[in-house]
Amino acid sequence: MLRLGVNIDHIATVRQARGEKFPEPIAAAHAAILGGADQITLHLREDRRHIQDADVELIRAALDVDMNLEMACTEDMVAFAKKIMPTHVCLVPEKREELTTEGGLDVAGNRDSVKTTIDALKAAGIAVSLFVDPDEQAILAANEVGADMVEIHTGRYANAKGDASVTREFLAIRQAATTAKQLGMRVHAGHGLDYRNVWRIAALPEIEELNIGFSIVSRALFIGLTAAVREMRDAMRHARDVTAQNL
Ligand code: PXP
């Protein structure tokens, strides 16, 4: 079973661009669920550039669907997560000037703060995922600090040009997924996945969940969010059912 988490940050990006009350992330969450989203994913950034605290609170209170809260390893965010109690948290690196999350979490380089954050969240009953590059050392470090899950960063695969580099990046993801699964962690993936590149990742049997935002929200401009989510679900299902058997 491959789950789809729909990241609705960019609905809030549009709202914040005009300082209006619309489009509303909660309306987007409803539409995404109708299209087959298993979960709503939101990144509450330190600079609050798109999703606001109130969006997370409202969606958590109103919708009976899994929530994946992406956040940085800070005490303020841990306190917020404990108030909201999302289904799981995904810890991501954050730099104010970046356009989007640029790389995976440097778990080995920030071992203490990552472990402190994981311990606090797990003590509160929240399962924790770490957003990491498809790199053996990062997977081992994630396991050592006690992560329940890893979300493998698919950005390098999505940006790769030419068959050789696409294949190289894909194989790195496959190897990372295999290692993480063998260590007993659940495996998610995301970043930069779209309707054309999702198939290889969706076909990997180790991967249980994809978190996808930008491509779905962009497609929604033309066909609506419910239909855009449904198309992505269909692409994922096709990859799992058909492609996987022919790999
Ligand atoms: N997963 C994580 C951890 C992310 O930070 C993002 C981007 O916010 C996504 C998934 C979704 O990426 P995209 O918007 O490129 O689909």
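Keep in mind it's a predicted model, so treat the numbers as computed, not measured. Indexing begins at 1, ligand by ligand and atom by atom, following the structure's order.
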Discussion item. Tell me whether ligand 1 is touched by Gly192 - counting only heavy atoms on the residue side and a distance under 4.0 Å.
Written reply: yes
Worksheet item: Does the N or O separation between His43 and ligand 1 drop below 3.5 Å for any pair?
Response: no
Worksheet item: Atoms of ligand 1 less than 4.0 Å from Val92 heavy atoms?
Response: 3 (C)
Item to complete: Say whether His191 and Glu151, considering side chains only, have a donor N or O and an acceptor N or O under 3.5 Å apart.
Response: no
Worksheet entry | Side chain, backbone, both or neither: Glu70 near ligand 1, heavy atoms under 4.0 Å | side chain
Worksheet item: Any side-chain donor-acceptor pair under 3.5 Å between Asn211 and Gln39?
Response: yes
Discussion item. If only side-chain N and O atoms count, and only distance matters, is there a donor-acceptor pair under 3.5 Å linking Glu136 with Thr179?
Written reply: yes
Discussion item. I'd like to check which ligand 1 atoms, numbered from 1 as shown, lie under 4.0 Å from a non-hydrogen atom of Phe214.
Written reply: 13 (P), 14 (O), 16 (O)
Practice prompt. Consider only side-chain heavy atoms of I, L, V, M, F, W and Y, link residues closer than 4.5 Å, and tell whether Phe214 and Leu210 are in one cluster.
Written response: no
Fill in: His153 and His188 aromatic centres sub-6.0 Å
no
Item to complete: Below 4.0 angstrom from a heavy atom of Asn7, which ligand 1 atoms are there? Numbered from 1 as shown, please.
Response: 8 (O)
Discussion item. Test of understanding: clusters of I, L, V, M, F, W, Y form through side-chain heavy atoms closer than 4.5 Å, transitively. Do Met236 and Ile223 belong to the same one?
Written reply: no
Worksheet item: Who gets closest to atom 11 (C) of ligand 1 by heavy atom: Ile51, Val132, Asn211, Leu193?
Response: Asn211
